[in-house]
Amino acid sequence: MALDIRLARIDDRLIHGQVATVWSRAVGIDRILVANDEAANDELRKLLLKQATPPSIKSHVITKQKLLELYQNRLFDEMKVMLLFVSPQDVLEVVQAGVGLKSVNIGGMRFTEGKKMITNFISVNEDDIQAFAKLAARGIELEIRQVPADRKIDLMQLIKKEKLLHP
């Protein structure tokens, strides 16, 4: 056994109202684990993320290395968690290190210089596309939904339709 990962989500805002309330209820979790090295080493950001978490749920802002340790620790078997990541590169790193994921929800990746908008709330660059392609090659579902009630959109189909995947 390992952590009971109910949802793995990429959202560069990490914990915010929508994620904290709607998703946590929909997937039945008791803990949110933010796996991000920068946030884990920023005390103010950790405090703000914890304040955004609903009172009924515990949240922890941890490094990717700490996530690997928790994932392999039998003490945390059956813990129902939502994993939050900032980028597909972070997800790929923990998957390559042994964290088993079947599906990744992509909630939000804001537009910055050098990125292309593929939906109203998701922008990608070449590094993102390559990381997503590697995750998809491992058989991991990559689905876009902001909230659980939204229709699932297959990220890789969208990337192919936009002709963004270069071999």
Side-chain angles (χ1 to χ4, degrees), residues 1-36 39 45-46 48-62 64 67 70-71 76-95 99-112 115-125 128-129 131-165:
M1 286 304 300
L3 289 174
D4 180 357
I5 300 168
R6 299 290 179 95
L7 178 70
R9 178 177 168 94
I10 297 170
D11 190 327
D12 57 19
R13 293 175 296 170
L14 297 171
I15 301 173
H16 53 91
Q18 178 178 296
V19 166
T21 53
V22 181
W23 278 109
S24 58
R25 259 190 256 130
V27 296
I29 57 157
D30 47 37
R31 220 168 275 257
I32 294 173
L33 299 178
V34 172
N36 181 264
R45 192 159 174 210
K46 278 180 17 183
L48 294 172
L49 288 168
K50 282 184 176 292
Q51 288 177 340
T53 308
S56 61
I57 293 173
K58 289 185 171 73
S59 68
H60 303 280
V61 182
I62 58 175
K64 291 173 285 197
L67 172 60
L70 291 176
Y71 185 75
F76 300 103
D77 285 3
E78 309 302 314
M79 185 186 294
K80 297 173 188 72
V81 301
M82 177 192 312
L83 298 180
L84 289 176
F85 299 93
V86 168
S87 71
Q89 293 84 350
D90 284 353
V91 176
L92 182 61
E93 190 179 322
V94 301
V95 165
V99 173
L101 297 177
K102 292 179 182 64
S103 177
V104 176
N105 166 263
I106 298 91
M109 295 171 61
R110 76 176 64 98
F111 179 80
T112 55
K115 290 198 172 202
K116 176 177 174 33
M117 291 196 75
I118 57 171
T119 73
N120 291 340
F121 48 91
I122 296 173
S123 300
V124 294
N125 62 23
D128 298 329
I129 293 164
F132 281 131
K134 288 175 182 164
L135 290 166
R138 290 174 167 262
I140 297 171
E141 174 192 40
L142 300 170
E143 55 102 358
I144 301 171
R145 279 187 297 165
Q146 284 201 286
V147 293
D150 289 350
R151 184 176 59 85
K152 282 185 185 184
I153 297 169
D154 181 312
L155 175 78
M156 292 311 292
Q157 283 184 351
L158 187 58
I159 285 173
K160 286 173 186 152
K161 191 179 107 194
E162 296 280 334
K163 297 181 178 39
L164 296 174
L165 192 59

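Side-chain atoms are counted along with the backbone in the values below, which use heavy atoms only and exclude waters and symmetry mates. Everything quoted here is computed from the prediction, not taken from an experiment.
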Item to check | Side-chain heavy atoms of Met156 within contact of Leu165, under 4.5 Å | outcome: yes

Item to check | Stepwise salt bridge (charged side-chain N to carboxylate O under 4.0 Å, His left out) check, Asp12 with Arg110 | outcome: CA-CA 7 Å; Asp12 57 19; Arg110 76 176 64 98; 3.6 Å; yes

Checklist entry - Does some side-chain heavy atom of Ile159 sit less than 4.5 Å from a side-chain heavy atom of Ile118? => result yes

Item to check | Flag, side chain of Tyr71 to backbone of Gly100, donor-acceptor distance under 3.5 Å | outcome: yes

Item to check | Ile140 vs Val95 side-chain heavy atoms within contact, under 4.5 Å | outcome: yes

Item to check | Non-hydrogen atoms of Asn105 and Arg9 that approach each other most closely | outcome: OD1-NH1, 2.6 Å

Next on the checklist: Measuring only between side-chain heavy atoms, which start at C-beta, is Ile57 closer than 4.5 Å to Ile29?
Outcome noted: yes

Checklist entry - Under 4.5 Å between any side-chain heavy atoms of Glu143 and Ser103, yes or no? => result yes

Next on the checklist: Please determine whether a side-chain nitrogen of the Lys or Arg among Lys152 and Asp150 lies less than 4.0 Å from a carboxylate oxygen of the Asp or Glu.
Outcome noted: no

Checklist entry - Hey, is Asp30 close enough to Lys58 for a salt bridge, meaning N to O under 4.0 Å? => result no

Checklist entry - Salt-bridged, Lys102 to Glu141, with N to O below 4.0 Å? => result no

Checklist entry - Can you check side chain to side chain contact (heavy atoms under 4.5 Å, CB included) on Lys80 and Ile5, steps first, answer last? => result CA-CA 6 Å; Lys80 297 173 188 72; Ile5 300 168; over 6 Å; no

Checklist entry - When you measure from the side chain of Arg13 to the backbone N and O of His16, does any donor-acceptor pair fall under 3.5 Å? => result no

Checklist entry - Can you find a pair of side-chain heavy atoms, one from Ser59 and one from Ile15, that are under 4.5 Å apart? => result yes

